[in-house]
Amino acid sequence: MNLIRIELRKMKMGWYVRGVLIANVIIMGFMWLISYSEKVDGGVSFQSMDEAFLIIGTFVRAVFIVFGAVLLVKLVISEYKNKTILVMFTYPISRKKLLTAKLLIAAGLTFITILLSNILIAAGFFWLNSIYQFIQGELTSEIISQQAVKMAVFAFGAAGTSLVPIFFGMRRHSVPATIISSVVIVMLISSTSPGFSISSVVYIPLSLAAVGFIFSYMAIMNADKQDA
């Protein structure tokens with residue numbers, strides 16, 4: 001926990017908070033634009049409350065899985081690439097503990113960001129829906145409780161998925177490989193076809209989360225063997 005606190009102070013979270021707020025505003029604006037334009041044209045953007053929650057969650061996870069890769073770059077990959085992590089390796093601290101703290105920060109921030117963003121954007125969207133009536137029907141407490149559980153499960157899956165790029169980034173300490181791999185993962189898990197959306201299948205992000213945790217474990221175990 002001390003290592004996590006030190007890393008968070010060193011990281012200076014202002015840039016991350018600003019990025020998250022801007023991304024939330026853009027996602028919210030995009031959701032409103034889709035719904036309003038469809039209403040003006042006499043169409044329906046979302047068939048149900050559940051579909052609206054699904055689309056919001058898909059957008060949020062897609063954006064912040066990439067944000068998670070950026071955190072990996074800032075916390076791990078760039079420090080190896082620039083050899084600044086050599087200074088930290090001179091401290092009387094286990095390399096494994098140091099790398100574990102960094103990866104916990106990346107996964108933890110991604111989880112919290114996705115969960116809070118889902119809540120804020122959904123609350124904003126359904127408040128607008130109460131005014132403009134984009135979606136027919138009532139947002140019941142049962143729907144809210146069901147979606148709250150889904151949000152938490154999918155946020156956990158996405159947080160683990162955001163760790164998958166560590167495998168590609170650590171191979172050559174490559175920043176582009178880390179970011180590009182996260183974009184490819186997002187494209188795969190966010191793809192849809194008529195009547196079916198991969199993003200609605202909870203087993204896929206949970207499986208990828210397991211892969212992300214395995215890759216993270218491998219990186220931690222190799223920390224003592226790998227020179228920066």
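What you see below is based on every heavy atom in this structure, not just the backbone, and it leaves out hydrogens, waters and symmetry mates.
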Passes side-chain contact (heavy atoms from CB on, under 4.5 Å), Val76 versus Met170? Steps please.
CA-CA 9 Å; Val76 181; Met170 287 294 283; 3.8 Å; yes

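- Using a 4.5 Å cut-off on side-chain heavy atoms (C-beta onward), Ile185 and Pro165 make contact.
- Checked against a 6.0 Å centroid threshold, the rings of Phe46 and Phe134 do not count as neighbours.
- Considering every non-hydrogen atom in both Ile114 and Ala158, the closest pair reads CD1-CB, 3.4 Å.
- By the 4.5 Å heavy-atom criterion applied to side chains, Leu71 and Met11 are counted as neighbours.
- Using bins of under 30°, 30° to 60° and over 60° for the plane-to-plane angle, the ring pair Trp32/Tyr36 lands in the parallel bin.
- By the 4.5 Å heavy-atom criterion applied to side chains, Lys102 and Glu79 are counted as neighbours.
- Side chain of Ser78 to main chain of Val73: a donor-acceptor pair is present (N/O by atom type, distance under 3.5 Å, no hydrogens or angles).
- Counting all heavy atoms, side chain and backbone alike, Leu72 lies closest to Ser162 at CD1-O, 3.2 Å.
- In terms of modelled atom types and a separation under 3.5 Å, the side chain of Thr90 and the main chain of Val87 share a donor-acceptor contact.
- Aromatic ring centres of Phe125 and Tyr132: separated by at least 6.0 Å.
- For the pair Val175 and Ile77, the tightest heavy-atom approach, listed with the atom from each and the gap, is N-CG2, 4.0 Å.
- There is a side-chain donor-acceptor pair under 3.5 Å between Gln147 and Asp50.
- Here the closest non-hydrogen pair linking Ile135 and Asn129 is N-OD1, 2.7 Å.
- A pairwise comparison of heavy atoms in Ala223 and Leu99 identifies CB-CD2, 4.1 Å as the closest pair.
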